[in-house]
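The residues of the chain are indexed from 1 along the displayed sequence. For clarity, every value in this text was computed on a predicted model and none was experimentally measured.
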Amino acid sequence: MNLSKQQLPAIRETGLIKPRPETLALEEKVLQFGTGVLLRGLPDYFIDKANRQGLFNGRVVVVKSTDSGDAGAFDRQDGLYTLCVRGIEDGRKMEENIICSAISRVLSAKQQWAEILALARRPEMRIVISNTTEVGIQLVEDDIRLQPPGSFPGKLLAFLYERYGAFRGSAESGMVIVPTELIVDNGKKLAGIVTELAKRCELPLDFLAWLDRHCRFCSSLVDRIVPGQPDKATLQQLHHDLGYTDELLTVCEVYRLWAIEGDEQIRSVLSFAAADEGVIIEPDIEIYRELKLRMLNGTHTLSCGLAVLAGFTTVKNAMDDMAFAAFVSDLMMKEIAPSIPYKPAVDDARDFGLKVLDRFRNPHLQHQWMSITMQYSLKMKSRVVPVLLEHYKRHSDPPVRMARGFAGFLLFMKGEKKPGWDDRSAYFTDLWAENSAVDVVMKALGNESLWGTDLLLLRGFPEAVLEQLDRLIKKI
């Protein structure tokens, strides 16, 4: 039995969250560019949850712009898919299986562009969501008269221009556009690209005014690990346990965050936000970006070299070791959290840190340490150095755990790496070949082209890194 609307009554697995018949008939309110698992595991999850609570009462029309993937699976399953949530929350194991019904249908931009434009003429269609990868939010030459335009900004502009014409530029016809691509200020950048493209297409000034005044482009930050479909054995077991097969079955972690830059007007349109504390709508979302960048990504970066050198393959594997887990926790909570440049509230940093530690311990995620070492040098500069500099603004003593992380980085970079692994790998290979450990530390920390500053000027830090490096070398 394959998942579909017709088969829903026959699916009787205890504990499975199923959609009520009335939710399958809700009107379409959201246009979504992208069919990927991140969208299904986060925005569509929130909308489905809100519909079950009677808070949003709207479904999603998905635009498929690429030839990859199988849109037919959505058609065969009437847009339904199973989301298997697995992980640890507040220190406790959590599992949940949900048949999500947020998606009403999937339309092909290449074959059904006229149907997509027709949606612009519906007054209830108020929201656009996107995840077209970072490459999608770029300004390229395009023509909105094409069927369809080639780029995502071009398609969005054509849709908005169609809506402007259908409602004669009324204020009420304005839309809320929320990109989720992993780009800082993604909303502002998309707005700038769409506006510039409208000018290049010589669209009327009245349209440009409507676009500026009545369409809100909201920057957002998304954070949830959504691996997608599990391995074959796990998938077969899930199908057996659920009592049906699902071509779109998706696994995700428990943690979820969608921070959206907006005000009360945005909140009223995005009413699904009230269904889950993971949706945050605030005028400034920079604090959430900083917490993620420093406490999650920064901790990963300072730990990955040490973990590989210690023989750990996955993050979960390392967190099973009491000593290494204690190092990770103390690094994050005692050194990184107090030195985040944005200065979050102590309670906010602590709560976020505890959630990160839960994520690191998730037995259902196989996050490889080696994958985290990709572009290691750049990550150290962008994620760690600002925290290190902030530490020295507040304290005179060197941060010992950060020093150990730097030492692990230097020792990890000693060996040759695969082409493209790290842009500075050749520099470090040559540095180790021609110098003693003392000189490696002094020359690397003093290299301003690596860090944007001279780390030798930080009181006691070179000595702390050298001491930790000596300890690591003796262990190997």
> Please step through side-chain hydrogen bond (donor to acceptor under 3.5 Å, both in side chains) for the pair Tyr427 and Asn447, ending with a clear verdict.
CA-CA 11 Å; Tyr427 164 79; Asn447 190 334; 3.1 Å; yes

> To the nearest 0.5 Å, tell me how far Ile98 CD1 sits from Asp48 CG.
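Those atoms lie 7.0 Å apart.
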
> Hey, is the main chain of Pro149 close enough, under 3.5 Å, to the side chain of Lys155 for a donor-acceptor pair?
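Yes: the side chain of Lys155 pairs with the backbone of Pro149.
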
> Do Lys381 and Trp451 form a cation-pi contact, if we require the NZ or CZ to be under 6.0 Å from the six-membered ring centre and within 45 degrees of the ring's axis?
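Geometry flag: not set, cation outside 6.0 Å or 45°.
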
> Can Lys334 and Asp330 be said to form a salt bridge (charged side-chain N to carboxylate O under 4.0 Å, His left out), step by step?
CA-CA 5 Å; Lys334 295 180 179 180; Asp330 289 344; 3.6 Å; yes

> One pair to check against side chain to side chain contact (heavy atoms under 4.5 Å, CB included): Leu83 and Arg40. What are the steps and the verdict?
CA-CA 8 Å; Leu83 192 64; Arg40 280 184 268 150; 5.8 Å; no

> Are a donor atom and an acceptor atom from the side chains of Tyr342 and Asp284 found within less than 3.5 Å of each other?
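There is such a pair (donor and acceptor under 3.5 Å, judged by atom type) between the side chains of Tyr342 and Asp284.
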
> Charged N to carboxylate O below 4.0 Å: is that the case for Lys93 and Glu95?
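Result for this pair is yes, salt bridge flagged.
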
> Does the side-chain hydrogen bond (donor to acceptor under 3.5 Å, both in side chains) test come out yes or no for Thr313 and Trp369, once each step is laid out?
CA-CA 6 Å; Thr313 55; Trp369 281 115; over 6 Å; no

> Crowded around Met333 CE? As in, over 12 foreign heavy atoms under 6.0 Å?
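Above 12, so yes.
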
> Should the pair Asp351-Lys355 be classified as a salt bridge under the 4.0 Å nitrogen-to-oxygen rule?
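Result for this pair is no, no salt bridge flagged.
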
> Donor-acceptor check, side chain of Thr299 to backbone of Met295, threshold 3.5 angstrom: yes or no?
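Yes; at least one donor-acceptor contact below 3.5 Å.
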
> Is any side-chain heavy atom of Leu249 closer than 4.5 Å to one of Leu242?
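Leu242 vs Leu249: side chains touch.
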
> May I ask you to decide if the ring planes of Phe406 and Phe409 are parallel, tilted or perpendicular, using 30° and 60° as cut-offs?
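Plane angle over 60°, so perpendicular.
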
> Which residue, Leu270, Asp263, Val178, Val269, forms the side chain to side chain contact (heavy atoms under 4.5 Å, CB included) with Ile281?
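Answer after filtering Leu270, Asp263, Val178, Val269: Leu270.
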
> Are Asn186 and Ser220 packed together at the side-chain level, in the sense that at least one heavy-atom pair is separated by less than 4.5 angstrom?
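They are in side-chain contact.
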
> Just wondering, do Ile260 and Val279 contact through their side chains at under 4.5 Å, heavy atoms?
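Val279 vs Ile260: side chains touch.
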
> Backbone N or O of Gly41 within a donor-acceptor pair of the Arg224 side chain at under 3.5 Å?
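Answer holds: yes.
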
> Can you name the closest pair of heavy atoms from Gly91 and Asp358 and give their distance?
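For Gly91 and Asp358, the tightest heavy-atom pair comes out as N-OD2, 3.3 Å.
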
> What pair of heavy atoms forms the shortest contact from Asp422 to Ser377, and how long is it?
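The pair with the smallest heavy-atom distance is OD2-N, 2.7 Å.
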
> To the nearest 0.5 Å, tell me how far Ile336 CD1 sits from Leu293 CG.
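Those atoms lie 10.0 Å apart.
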
> Name the orientation class of the two ring planes belonging to Phe272 and Trp258 (parallel below 30°, tilted from 30 to 60°, perpendicular beyond 60°).
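Parallel: the ring planes of Phe272 and Trp258 meet at under 30°.
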
> If you count heavy atoms of other groups shown closer than 6.0 angstrom to CD of Glu434, is the number above 12?
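Correct, the count exceeds 12.
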
> Side-chain contact, heavy-atom cut-off 4.5 Å: Tyr81 with Asp246?
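Side-chain contact under 4.5 Å: yes.
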
> Nearest 0.5 angstrom please: Thr314 OG1 to Leu365 CG, how far?
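These two atoms lie 10.0 Å from each other.
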
> side-chain hydrogen bond (donor to acceptor under 3.5 Å, both in side chains) for Glu181 and Ser130? Distances and angles first, verdict last.
CA-CA 7 Å; Glu181 288 82 354; Ser130 70; 3.1 Å; yes

> Would you say the side-chain atoms of Asp185 pair up with the backbone N or O of Lys188, donor to acceptor, closer than 3.5 Å?
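Side chain of Asp185 to backbone of Lys188, a donor-acceptor pair under 3.5 Å: no, none is there.
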
> Is NZ or CZ of Lys417 both nearer than 6.0 Å to the six-membered ring centre of Phe412 and within 45° of the ring axis?
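Judged by the rule (NZ or CZ under 6.0 Å from the ring centre, within 45° of its axis), Lys417 counts as positioned above Phe412.
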
> Go through it in stages, so that I can follow the logic: the residues are Arg401 and Phe327, the test is side chain to side chain contact (heavy atoms under 4.5 Å, CB included), and I'd like the CA-CA distance, side-chain angles, deciding distance and then a yes or no.
CA-CA 8 Å; Arg401 298 170 191 86; Phe327 167 79; 3.8 Å; yes

> Looking only at atom types and distance, does a side-chain atom of Arg294 sit under 3.5 Å from a main-chain N or O of Pro386, one as donor and one as acceptor?
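Pair absent, no side-chain N/O of Arg294 close to backbone of Pro386.
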
> Considering only NZ, NE, NH1 and NH2 on the basic side and carboxylate oxygens on the acidic side, decide whether Glu141 and Arg200 come within less than 4.0 Å.
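A salt bridge links Glu141 with Arg200.
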
> Can you confirm whether Leu42 sits close enough to Val226 that some side-chain heavy atom of one is under 4.5 Å from a side-chain heavy atom of the other?
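Leu42 does not reach Val226 side chain to side chain.
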
> Are any of the side-chain nitrogens in Lys443 or Asp439 under 4.0 Å away from the carboxylate oxygens of its partner?
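Salt bridge absent between Lys443 and Asp439.
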
> Can you tell me how far apart CZ (Arg404) and CZ (Arg471) are? Round to the nearest 0.5 Å.
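So the CZ of Arg404 and the CZ of Arg471 are separated by 7.0 Å.
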
> If I take atom CG from residue Leu16 and atom CG from residue Asp241, how far apart are they, to the nearest 0.5 angstrom?
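Those atoms lie 11.5 Å apart.
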
> Answer yes or no: is there a donor N or O on one side and an acceptor on the other, between the side chain of Gln138 and the main chain of Ile193, under 3.5 Å?
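Not confirmed, Gln138 side chain does not pair with Ile193 backbone.
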
> Check whether any side-chain heavy atom of Asn362 lies under 4.5 Å from a side-chain heavy atom of Ile225, and answer yes or no.
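Sidechains of Ile225 and Asn362: no contact.
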
> Taking Lys292 for its side chain and Asn297 for its backbone only, find out whether a donor-acceptor pair lies under 3.5 Å.
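It does not hold such a pair.
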
> Over 60° means perpendicular and under 30° means parallel, so tell me whether His300 and Phe360 are parallel, tilted or perpendicular.
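Ring orientation, 0 to 90° scale: parallel.
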
> Where do Gln32 and Asp44 land on the side-chain hydrogen bond (donor to acceptor under 3.5 Å, both in side chains) test, with the steps shown first?
CA-CA 9 Å; Gln32 175 177 296; Asp44 297 340; 3.3 Å; yes

> Where the side chain of Asp276 meets the backbone of Phe46, is there a donor-acceptor pair that is under 3.5 Å apart?
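A pair under 3.5 Å: no.
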
> Does NZ or CZ of Arg424 come closer than 6.0 Å to the centre of the six-membered ring of Tyr376, within 45° of the ring's axis?
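Because its charged atom misses either the 6.0 Å distance or the 45° angle limit, Arg424 does not stack over Tyr376.
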
> Looking at Lys316 and Gln366, would you say the former's side chain and the latter's main chain have a donor-acceptor pair under 3.5 Å?
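Answer holds: no.
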
> Quick check against the 3.5 Å criterion: does Gln375 have a side-chain atom that pairs as donor or acceptor with the backbone of Gly420?
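Yes, Gln375 side chain to Gly420 backbone: donor-acceptor pair under 3.5 Å.
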
> Do the side chains of Arg256 and Asp223 get close enough for a salt bridge, i.e. N-O under 4.0 angstrom?
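Not counted as a salt bridge, because no side-chain N and carboxylate O are separated by less than 4.0 Å.
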
> Yes or no on side chain to side chain contact (heavy atoms under 4.5 Å, CB included) for Leu211 and Thr195, after CA distance, side-chain angles and deciding distance?
CA-CA 8 Å; Leu211 184 67; Thr195 299; 3.8 Å; yes

> Could you check if a side-chain atom of Phe428 sits within less than 4.5 angstrom of a side-chain atom of Leu410, using non-hydrogen atoms only?
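The answer is yes, as the side chains (C-beta and beyond) meet within the 4.5 Å cut-off.
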
> Please lay out, stage by stage, how Ile129 and Phe33 fare under the test side chain to side chain contact (heavy atoms under 4.5 Å, CB included).
CA-CA 6 Å; Ile129 299 170; Phe33 286 88; over 6 Å; no

> With a 4.0 Å cut-off on N to O distance, would you call Lys343 and Glu390 a salt bridge?
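So Lys343 pairs with Glu390 through a salt bridge.
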
> A quick test of your reading: do over 12 heavy atoms of other residues, nucleotides or ligands sit less than 6.0 Å from CZ of Arg92?
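No.
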
> Is it true that Glu253 and Arg359 have a side-chain N and a carboxylate O under 4.0 angstrom from each other?
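Yes, Glu253 and Arg359 are salt-bridged.
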
> Answer with yes or no whether the side chains of Asn97 and Glu13 bring together a donor and an acceptor at under 3.5 Å.
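No, Asn97 and Glu13 have no side-chain donor paired with an acceptor closer than 3.5 Å.
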
> To the closest 0.5 Å, what do you measure between CD (Gln77) and OG (Ser101)?
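Gln77 atom CD to Ser101 atom OG measures 13.0 Å (nearest 0.5 Å).
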
